[in-house]
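Working notes for the structure below.
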Amino acid sequence: MISVLSNKKLGLAFLVLLIIAAIIFLTDQGSNERSFRTELVSIDTSKVSQIIIYPRQADTDKIKLYQEEDEWKVELSNDKSALVPQRKIDDIVNQLANLKPERLAGRGESSWTDFEVDTSATRVEVYEGSSRTLDLVIGKFTFQQPRAMKTFVRLANDTDVYEVDGFLSMTFNQNRDSFRDATVIKGDINNWKSISYSYPADSSYQLVKVNDSWQFSNGVRVDSAKTSVKLRQLANISGNEFLDVNKSELPLPQYKLTIISNDDSQIEVFGYKTENELIVNSSLNPDSYFNGRKNDLFNKVFVGSKEFVGK
């Protein structure tokens, strides 16, 4: 009888321990599920209407990218705005949408400073209409072998820090101008049929394509190798520094490049010399004016005829 009672007590004790163990296991499982997110970003890329960036760099305040009708713009100072190429918006949105947490790097506010996701971090907000669908804090990055860049991030309303793939600072820790359209010349030289340079005095000249070969308009042949190199360079030129220019105060352009394609479409690039500045402006990007001295932009666009002839 005593043996039977002892067995019942042991069985009851075992059952109680089993229930406690099950409760602990289930509780831990629930805790782990809550502590490690399998998804950080949930946005509808087709509905994104506004992106606000607070860069880490101290000399830049809030950057507002917004959609107006079918165009994306960046808000400048003095109530001005500038166009943003669609491809840049697509790159930003796709980069955010594809972020996946690879590991839980830190837990709690005590880890924020180590991973630089505190108040000094870059912050990105994404809106779909009037609804904010993402508020992401971007911290420091690390370089891991083999050739892998990782970034530490957290959601603004969460205390946990995650490691994700990519070098996010390269995209988001920028100034306003980095999001603007910097195009000066963009074209396919195979579709060009004439290139005209209008310069002061008597230094103007024109190149024309005859039977798939370039020559000067007066019939003089060009150096084919040098011309090929120069035209490839000319076909893809961007500005590096925007200028805040009042167009009405500019003189007439003293320099002009006109490129005509086989379909008779034109690219015109204008060069201005003022007392203090060299300025470049393009018909492909008419609202943007560039510092012609920055990275020698002026001389890259407005080349002399000697660039196309042999020694």
Side-chain angles (χ1 to χ4, degrees), residues 20-45 47-66 74-75 88-179:
I20 293 173
I23 292 172
I24 292 174
F25 177 78
L26 291 174
T27 302
D28 285 346
Q29 285 292 98
S31 174
N32 287 337
E33 289 177 359
R34 289 192 300 271
S35 64
F36 186 86
R37 295 176 181 267
T38 58
E39 186 177 272
L40 280 174
V41 180
S42 179
I43 58 177
D44 186 337
T45 57
K47 294 182 179 179
V48 173
S49 58
Q50 183 174 281
I51 303 168
I52 297 179
I53 303 170
Y54 302 86
R56 180 172 184 165
Q57 52 193 35
D59 61 343
T60 302
D61 55 5
K62 179 178 73 173
I63 297 173
K64 180 180 178 181
L65 308 174
Y66 63 97
V74 57
E75 192 176 77
K88 292 194 176 185
I89 297 297
D90 292 341
D91 288 344
I92 291 172
V93 173
N94 290 332
Q95 188 172 10
L96 291 173
N98 292 324
L99 284 182
K100 302 295 180 185
E102 296 188 349
R103 71 179 181 92
L104 179 64
R107 171 167 290 170
E109 294 186 23
S110 60
S111 67
W112 289 5
T113 302
D114 292 338
F115 297 108
E116 299 178 7
V117 291
D118 49 14
T119 55
S120 65
T122 297
R123 187 168 176 172
V124 180
E125 298 176 349
V126 175
Y127 288 81
E128 297 173 26
S130 59
S131 300
R132 185 173 63 186
T133 53
L134 178 65
D135 192 351
L136 186 71
V137 180
I138 299 173
K140 72 176 183 180
F141 66 90
T142 61
F143 180 76
Q144 300 178 7
Q145 296 293 347
R147 298 182 179 180
M149 298 297 296
K150 306 293 181 180
T151 301
F152 297 101
V153 302
R154 69 175 176 87
L155 296 175
N157 62 352
D158 196 355
T159 59
D160 292 340
V161 183
Y162 293 88
E163 182 183 84
V164 298
D165 186 48
F167 183 19
L168 300 187
S169 291
M170 181 177 290
T171 301
F172 298 102
N173 191 29
Q174 305 288 339
N175 58 33
R176 289 182 182 85
D177 285 350
S178 66
F179 298 99

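Atom OG1 of residue Thr122 and atom CG of residue Asn173 lie 4.0 Å apart, to the nearest 0.5 angstrom. If you take CZ on Arg103 and CZ on Phe152, they are separated by 5.0 Å, rounding to the nearest 0.5 Å. Atom OH of Tyr127 and atom CZ of Arg132 lie 5.0 Å apart (nearest 0.5 Å). Within the model, atoms OG1 of Thr171 and CG of Asp91 stand 7.5 Å from one another, a figure rounded to the nearest 0.5 Å. Atom-to-atom distance recorded for Arg56:CZ and Glu116:CD is 4.0 Å, nearest 0.5 angstrom. For the atom pair CZ of Phe179 and CD1 of Ile89, the computed distance is 8.0 Å after rounding to the nearest 0.5 Å.
Considering only heavy atoms from C-beta on, Leu155 comes within 4.5 Å of Leu134 through its side chain. Taking 4.5 Å as the limit, some side-chain heavy atom of Val124 sits within range of a side-chain heavy atom of Ile138.
For Met149, the CE atom counts as densely surrounded, since its 6.0 Å shell holds more than 12 non-hydrogen atoms of other residues, nucleotides or ligands. A 6.0 Å sphere centred on CZ of Phe141 holds no more than 12 heavy atoms belonging to other residues, nucleotides or ligands.
In this structure, Arg123 pairs ionically with Asp135, as a charged nitrogen and a carboxylate oxygen lie closer than 4.0 Å. Between Asp61 and Arg176, at least one side-chain nitrogen of the basic residue sits less than 4.0 Å from a carboxylate oxygen of the acidic one, meeting the salt-bridge criterion. Ion pair Glu163/Lys150 not flagged as a salt bridge, since none of the NZ, NE, NH1 or NH2 atoms sits closer than 4.0 Å to an Asp/Glu carboxylate oxygen.
Closest non-hydrogen pair, Gln50 versus Ile52, comes out as NE2-CD1, 3.4 Å. The nearest pair of heavy atoms linking Ser120 to Asp118 is OG-OD1, 2.7 Å. Shown here for Ile51 and Ile92, the closest heavy-atom pair between the two residues is CD1-CG2, 3.9 Å. Nearest heavy-atom pair across Asp160 and Gly108 is OD1-N, 3.8 Å. Contact between Val161 and Leu104 at its shortest, heavy atoms only, is O-CD1, 3.5 Å. Of all heavy-atom pairs between Thr159 and Trp112, the closest is O-NE1, 2.9 Å.
Applying the side chain to side chain contact (heavy atoms under 4.5 Å, CB included) rule to Lys47 yields the partners Asp44, Glu128; only residues at least two apart in sequence or on another chain are considered.
Of the residues listed (Leu136, Thr151, Leu96), the one engaging Phe172 in a side chain to side chain contact (heavy atoms under 4.5 Å, CB included) is Leu96, and it is the only one.
Distance alone, capped at 3.5 Å, places no donor-acceptor pair between the Asn94 side chain and the Ala97 backbone.
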